[in-house]
Amino acid sequence: MDYNFRKIEQEWQQRWKENGAYTVVNDASKPKCYVLDMFPYPSGAGLHVGHPLGYIASDIYARFKRLKGFNVLHPMGFDSFGLPAEQYALETGQHPALTTEKNITTFQRQLDKIGFCFDWTREIRTSDPQYYTWTQWIFLQLFNSWYNPVSNRAEPLETLLQHFTGKGTEGLDAAKTSAFTASAWKAFDDPQKQDILMHYRLAYSSFGEVNWCEALNTVLANDEVVNGVSERGGHPVVKRKMRQWYLRITAYADRLLEGLAQVDFSESLKEQQRNWIGKSQGAEIRFELGPAPSTKEWGTTEEDLDKNQPGLTVYTTRPDTIFGVDFMVLAPEHELVEQITTADQRQAVQDYLDYVKSRSDRERMAEVKQVTGCFTGAYAINPFDGSEIPIWIAEYVLAGYGTGAIMGVPCGDERDFNFATHFNIPITNIIGDHFDGNSANPTKDALLTNSGFLNGMLMRDAIPVAIEKLVDMGIGRGQINYKMRDAGFSRQRYWGEPFPIIWADGMPHPLREQDLPLELPHVDQYGPGPQGEGPLANLTGWSNTNAGRRETSTMPGYAGSSWYFLRYMDPHNTASFCSRSASDYWGQVDVYVGGTEHAVGHLLYSRMWTKVLYDLGHISFDEPYKKLVNQGMITGSSRFVYRVTPVREENGSSGTTAQEPVAFLSAGIYTRVMAMEPAAQSAFLQPQLPWITEADAWLINPIHADVNLVDGTVLDVEKFRQWKPEYATATFLLEEGKYLCGVETEKMSKSKFNTVNPDDLVEKFGADTFRMYEMFLGPLEASKPWDTKGIEGVHRFLKKLWRLFYEESKGKVWTTEAASPADLKILHRAIRKIEDDTDRFSFNTAVSSFMIAVNELTETGCHKKEVLELLLVLLVPYAPHIAEELWHQLGNSGSVLDAAYPVFNPSFIAESVKDYPVSINGKVRTNMSIALDITAAEVEALVLNNEVVQKWLAGKPAKKIIYVRNKMVNVVI
RNA sequence: GCCCAUGUGGCGGAAUUGGUAGACGCAGCAGACUCAAAAUCUGCCAUUCGCAAGGGUGUGAAGGUUCGAUUCCUUUCGUGGGCACCA
């Protein structure tokens with residue numbers, strides 16, 4: 001009886017499907033565990049071996065937890081709204097709904113072959129109206145809520161209205177709108193009130209500068225723009241003023257930051273989120289404008305800091321360096337520029353502004369190091385010593401951050417130093433020896449000099465002192481800034497959730513909840529609508545209603561994915577997005593598995609939505625994911641052949657027509673030839689390639705060969721000849737009868753011919769082998785190269801395991817004989833190691849431990865059911881088909897997953913496993929067994945009586961015996 | 001430039017987190033079985049000295065702490081990723 005994996009896997013997959021083996025019910029009697037994968041976008045391109053990596057890991061973990069008695073939720077679905085399907089529709093005219101459906105079918109078929117334990121009854125698709133009705137519902141919650149800075153949470157708009165009616169804007173952040181009193185509020189008309197409310201809503205519409213991508217004909221969020229081009233497709237992105245929907249994620253900046261302390265994410269991912277949020281603490285300082293020191297009394301109240309007051313307000317994180325200010329710089333777009341520029345500088349400033357305008361964002365980004373700027377002719381006054389500070393404009397200061405103006409402290413800031421040096425602005429040194437005159441020193445640990453009342457203070461201590469003084473003088477205050485901006489939430493596209501909004505009288509009116517879902521209407525044309533609107537604007541019959549005109553943009557891709565993990569808990573609920581009992585039971589996602597590419601997009605948005613739903617009382621937790629595991633990339637291992645190409649006389653370009661001779665050099669020959677002088681090269685090649693005449697008449701180029709035509713590094717020459725017509729008659733220069741390819745590790749991509757299709761491997765080796773091999777490749781979180789050759793080792797292991805039960809010649813070999821202590825030692829060591837490894841997501845070492853155990857059992861000839869059965873329990877998360885099959889062969893019924901075996905009970909592990917090494921003088925070590933938790937004296941007696949130790953001590957007394965942790969005994973002679 | 005990772009045989013990687021470095025697998029070499037192939041099995045496989053027994057060296061490099069360092073600290077180099085005029 002052979003290991004017939006094809007038959008076994010097909011039968012078990014069939015059985016699982018028929019029995020609904022992985023259907024999960026909300027069973028409050030069992031502890032829960034929620035294991036989630038980042039759901040895929042169903043793209044049309046097929047899978048390669050890198051794609052299932054995370055799914056396999058989560059599948060193993062899900063089964064493992066079920067084995068340990070947990071009720072495990074392990075669902076799968078599709079992020080089925082999105083740009084690519086619509087781009088495809090534009091090119092081919094196929095409706096996105098159709099292509100998406102088709103892609104999902106393919107996707108599911110591929111996944112099913114690998115034997116995942118997804119509960120498909122809970123499948124969700126973000127483009128399904130049953131699903132997006134709740135996306136729209138949550139949008140309305142956001143629209144009808146505001147962030148109360150006093151209670152520090154989101155609240156329904158009613159509490160804001162109460163506040164306005166009672167106290168006006170008193171106690172609220174004044175920056176949002178200009179202040180008004182309760183009576184003024186009551187006097188406003190409706191449009192005025194709506195306009196004010198819009199400044200508070202968590203989802204709001206506003207006229208502002210957006211990232212516009214002409215090629216995609218839509219607005220993009222900041223995280224969808226990378227280096228000035230769109231993340232998808234790499235199209236140019238420009239700034240444009242438009243009316244847009246936004247998500248007030250900035251209100252949650254602090255809580256998103258603080259929440260990172262409670263979640264188990266990798267340090268680098270947390271760092272990425274922190275960088276994105278970009279919190280910085282500093283101060284805003286207002287400087288009086290020159291030219292001469294003013295005699296005006298400084299104000300002392302908050303209102304005096306109003307930006308409308310004369311003066312220049314800057315933002316700095318280093319108010320301690322205020323005596324080192326040698327110049328001011330405004331962003332070119334700063335509103336004061338026009339006002340303060342003096343007559344003799346007007347032309348120069350205008351020229352500079354023209355220059356700045358002429359430069360694109362990309363140019364600006366590419367030439368970061370270039371120092372440019374222009375003096376305005378105006379001066380600000382240092383409030384402490386009355387000195388005049390020249391005010392410049394320069395593009396390195398950004399209008400959108402802080403106040404759009406900075407104070408230049410060249411001795412402490414690199415950019416300021418470069419600026420001062422470039423424009424010959426004298427530099428004031430306020431840090432004594434710490435400044436050497438050649439470069440800025442951004443230290444906080446220097447003692448201040450030349451700094452008036454701050455003299456002699458440590459800089460980091462001077463920061464609060466300086467702020468306090470500024471507050472006393474009424475010219476400054478502590479201020480926290482964030483780099484993060486509110487997230488753009490509308491797209492001028494078709495394939496997304498329609499907004500449940502109707503515009504009338506210039507105001508947005510939400511649909512009533514009972515009118516949801518607002519279904520996406522069918523279109524035949526996917527081109528843009530008029531005036532920068534999306535395709536929905538072309539459907540005038542749909543967009544014009546009695547109540548007004550519908551919002552024609554749609555929600556972005558991240559809308560549906562920001563809350564999908566909640567829907568899995570209660571996917572068929574028609575009364576709410578998820579019943580409170582379901583979300584209370586399942587709670588946070590215990591383990592979330594996915595790539596790092598969503599670090600600052602999806603992961604931040606879904607964290608925010610969770611916090612909003614929590615604040616509004618819809619769920620009981622405010623962080624969605626307890627633990628996040630980022631699987632690493634599987635890189636492709638590309639194979640190269642080295643082609644010798646003649647250079648055409650006429651134009652000097654290399655030829656590729658079929659008539660021309662084609663030759664390939666094996667990798668070793670290539671290396672040798674490349675090391676030769678040109679004359680030697682032709683002398684070497686000519687005997688074999690007669691068409692080579694002169695040294696400069698040919699070229700040698702490495703080109704990608706399809707990895708599927710290569711076994712290890714040996715090229716299958718015959719298959720290669722058939723690959724492309726022009727290779728059919730090629731000459732191959734071999735080494736020892738073989739053509740060897742060059743190897744390089746690169747990202748997997750079709751164009752590099754280094755992708756490997758999982759279907760082929762599953763067909764050839766089986767799903768169990770494939771699953772275990774993907775895990776065996778290396779640590780889950782590391783990026784590692786794919787090597788098809790290695791899969792045979794894992795396949796051999798499974799065959800070896802099978803032979804512990806059945807052998808071809810003898811048939812059944814397993815017995816009911818009782819296990820010996822030696823057998824149990826092998827088993828128990830495996831249990832301890834594999835359980836621990838699986839718990840820590842160290843799947844590669846767990847697979848190794850399986851191999852060791854099977855090797856040992858084979859070696860000792862152990863075929864005992866008692867031992868093998870428990871091994872299957874351990875194995876079922878990794879290789880479910882073979883484990884279930886053999887489990888049945890042993891005469892068991894039901895699934896191994898539900899076997900109530902005491903495998904994972906700590907007391908189950910025999911004493912036999914516990915042996916500990918002894919180390920003497922750091923030199924000699926051997927194994928000996930000692931009991932746990934014995935006293936130092938007992939250890940001493942044990943060690944000294946130990947035969948091996950006696951031998952090495954050779955009669956000499958030990959000076960000291962150290963009982964180290966990990967039960968290691970160490971003796972110093 | 002800043003931040004975060006990371007560096008171990010020909011290759012992927014292991015080392016119970018300070019305790020026998022190189023587990024396990026791939027590749028390679030030698031052998032068994034076979035008419036042959038496949039499959040399977042056995043042995044060798046960091047480096048150096050040695051016939052051997054047995055030594056020496058060795059975890060990117062240089063220091064340090066420790067009885068003991070791949071692991072901790074300092075400096076430095078290489079690779080990968082993120083951020084990038086955020087004041």
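Values below: all heavy atoms of this structure, side chains included; hydrogens, waters and symmetry mates excluded.
The distance between atom NZ of A:K279 and atom P of B:rC83, rounded to the nearest whole Å, is 22 Å. B:rC83 atom C1' lies 5 Å from atom CG of A:N275, rounded to whole Å. Straight-line distance from the CG atom of A:L798 to the C1' atom of B:rU40: 16 Å, rounded to whole Å. The nearest whole Å value for the distance from the CZ atom in A:R832 to the P atom in B:rA23 is 20 Å. B:rC26 atom P lies 10 Å from atom OH of A:Y773, rounded to whole Å. Distance A:L398 CG to B:rA84 P: 11 Å, rounded to the nearest Å. For the pair A:L312 CG and B:rA87 C1', the interatomic distance rounds to 13 Å; values are reported in whole Å. Taking atom CG of residue A:L604 and atom P of nucleotide B:rG82, one finds them 16 Å apart after rounding to whole Å.
Pair check for B:rG31 finds B:rC41; Watson-Crick or G-U wobble, both atom distances under 3.5 Å. If you check B:rA21 for Watson-Crick or wobble pairing at under 3.5 angstrom, you find it has no partner at all. Pairing partner, B:rA53: none, since no Watson-Crick or wobble contact has both distances short of 3.5 Å. Under the Watson-Crick and G-U wobble criteria, each requiring two contacts below 3.5 Å, nucleotide B:rA5 is paired to B:rU79. Summarising the base pairing, B:rA87 is matched to no nucleotide, lacking a Watson-Crick or G-U wobble pair whose two defining distances lie under 3.5 Å. Base pairing of B:rC72: its partner is B:rG64, meeting the Watson-Crick or G-U wobble criterion (both donor-acceptor distances under 3.5 Å). Both distances falling under 3.5 Å, in either a Watson-Crick or a G-U wobble arrangement, occur for no nucleotide opposite B:rG58. Using N1 to N3 plus N6-O4 or O6-N4 for Watson-Crick, or N1-O2 and O6-N3 for G-U wobble, each under 3.5 Å, B:rC26 pairs with B:rG10.
As rounded to the nearest Å, B:rG60 and B:rC51 have P atoms that lie 33 Å from one another. Distance noted for atom P between B:rA15 and B:rU70: 15 Å (whole Å). The same atom, P, is picked in B:rG50 and in B:rA61; the two are 26 Å apart, to the nearest Å. Taking the C1' atoms as reference points, B:rU34 lies 11 Å from B:rA39, given to the whole Å. For the P atoms, the distance linking B:rC77 with B:rA21 amounts to 31 Å, nearest Å. Going from the P atom of B:rG19 to that of B:rG13 covers 22 Å, rounded to whole Å. The gap from the C1' atom of B:rC67 to that of B:rG18 amounts to 12 Å, rounded to the nearest Å. Comparing B:rG81 with B:rG68, their C1' atoms are spaced 35 Å from each other, to the whole Å.
Applying side-chain contact (heavy atoms from CB on, under 4.5 Å) to A:L777 and the options A:V847, A:N844, A:I634 leaves one that passes, A:I634.
Sequence order on RNA chain B of the closest nucleotides to A:S849 and A:T317 puts A:S849 first from the 5' end. Residues A:R485 and A:K799 both approach RNA chain B. Their nearest nucleotides, taken by heavy-atom distance, put A:K799 toward the 5′ side.
Regarding the sugar-base torsion, B:rU17 falls in the syn class, its angle being within 90° of 0. Annotated as syn: B:rG9, whose O4'-C1'-N torsion sits within 90° of 0.
The nucleotide whose nearest atom lies closest to any side-chain atom of A:Y315 is, among B:rA87, B:rC83, B:rA39, B:rA87. Side-chain atoms of A:Y401 lie closest to B:rA87 of the nucleotides B:rA87, B:rU40, B:rC24. With distances taken from any side-chain atom of A:E792 to the nucleotides B:rA87, B:rC24, B:rA27, the minimum falls on B:rA27. Minimum atom distance to the side chain of A:I406 is reached by B:rA87, of the listed B:rA39, B:rA87, B:rA23. The side chain of A:N855 sits closest to B:rC24 out of B:rC24, B:rA87, B:rC85.
Within residues 263-274 of chain A, the residues that place at least one heavy atom under 4.0 Å from RNA chain B are, in residue-number order, A:S268, A:E271, A:Q272.
Under a 3.5 Å cut-off, the side chain of A:Q273 and the backbone N or O of A:A599 do form a donor-acceptor pair.
The aromatic rings of A:F797 and A:F850 lie tilted to each other, with the angle between the two planes from 30° to 60°. Between A:Y806 and A:W802, the ring planes are tilted. Angles from 30° to 60° get that label. Between A:F419 and A:Y396, the two ring planes are tilted [angle within 30° to 60°].
Residues passing the salt bridge (charged side-chain N to carboxylate O under 4.0 Å, His left out) test with A:R639: none are found, sequence neighbours excluded. Partners of A:T596 by side-chain hydrogen bond (donor to acceptor under 3.5 Å, both in side chains), not counting sequence neighbours: none found. Taking the side-chain hydrogen bond (donor to acceptor under 3.5 Å, both in side chains) definition, one finds that A:D445 meets it with A:R460, sequence neighbours left out. Partners of A:R6 according to the salt bridge (charged side-chain N to carboxylate O under 4.0 Å, His left out) rule, which considers only residues two or more places apart in sequence or in another chain, are A:E763. Considering only residues two or more places apart in sequence or on other chains, A:V397 meets the side-chain contact (heavy atoms from CB on, under 4.5 Å) condition with A:V329, A:A331, A:I406.
Counting heavy atoms of neighbouring residues, nucleotides and ligands inside a 6.0 Å radius, atom NZ of A:K764 does not exceed 12 of them.
Counting non-hydrogen atoms under 4.0 angstrom, A:K483 reaches a base of the nucleic acid. As judged by a 4.0 angstrom heavy-atom cut-off over every strand, A:D416 is placed among residues making no nucleic acid contact. At a threshold of 4.0 angstrom between heavy atoms, the contacts of A:V314 with the nucleic acid are absent.
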I'd like a list of close polar pairs between nucleotides 41-45 of chain B and the protein, N/O only, cut-off under 3.5 Å.
residue: B:rC41; atom: OP1; partner: A:R803; partner atom: NH2; Å: 3.1

Please tabulate, one pair per line, each protein N/O and nucleotide N/O from nucleotides 11-15 of chain B that are separated by under 3.5 Å, including the distance.
residue: B:rG12; atom: O2'; partner: A:L777; partner atom: O; Å: 2.5
residue: B:rA14; atom: OP1; partner: A:N844; partner atom: ND2; Å: 3.1

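Pairs passing the salt bridge (charged side-chain N to carboxylate O under 4.0 Å, His left out) check and including a residue from residues 847-862 of chain A, sequence neighbours excluded, read A:R829-A:E856. Residue pairs satisfying the salt bridge (charged side-chain N to carboxylate O under 4.0 Å, His left out) criterion with at least one member in residues 389-414 of chain A, sequence neighbours excluded, are listed as follows: A:R359-A:E395, A:R364-A:E395, A:D413-A:R415. Counting only residues at least two apart or on different chains, the salt bridge (charged side-chain N to carboxylate O under 4.0 Å, His left out) pairs with a member in residues 317-327 of chain A are A:R318-A:D320. Each salt bridge (charged side-chain N to carboxylate O under 4.0 Å, His left out) pair with one or both residues in residues 779-799 of chain A, not counting sequence neighbours, appears once here: A:D711-A:K789.
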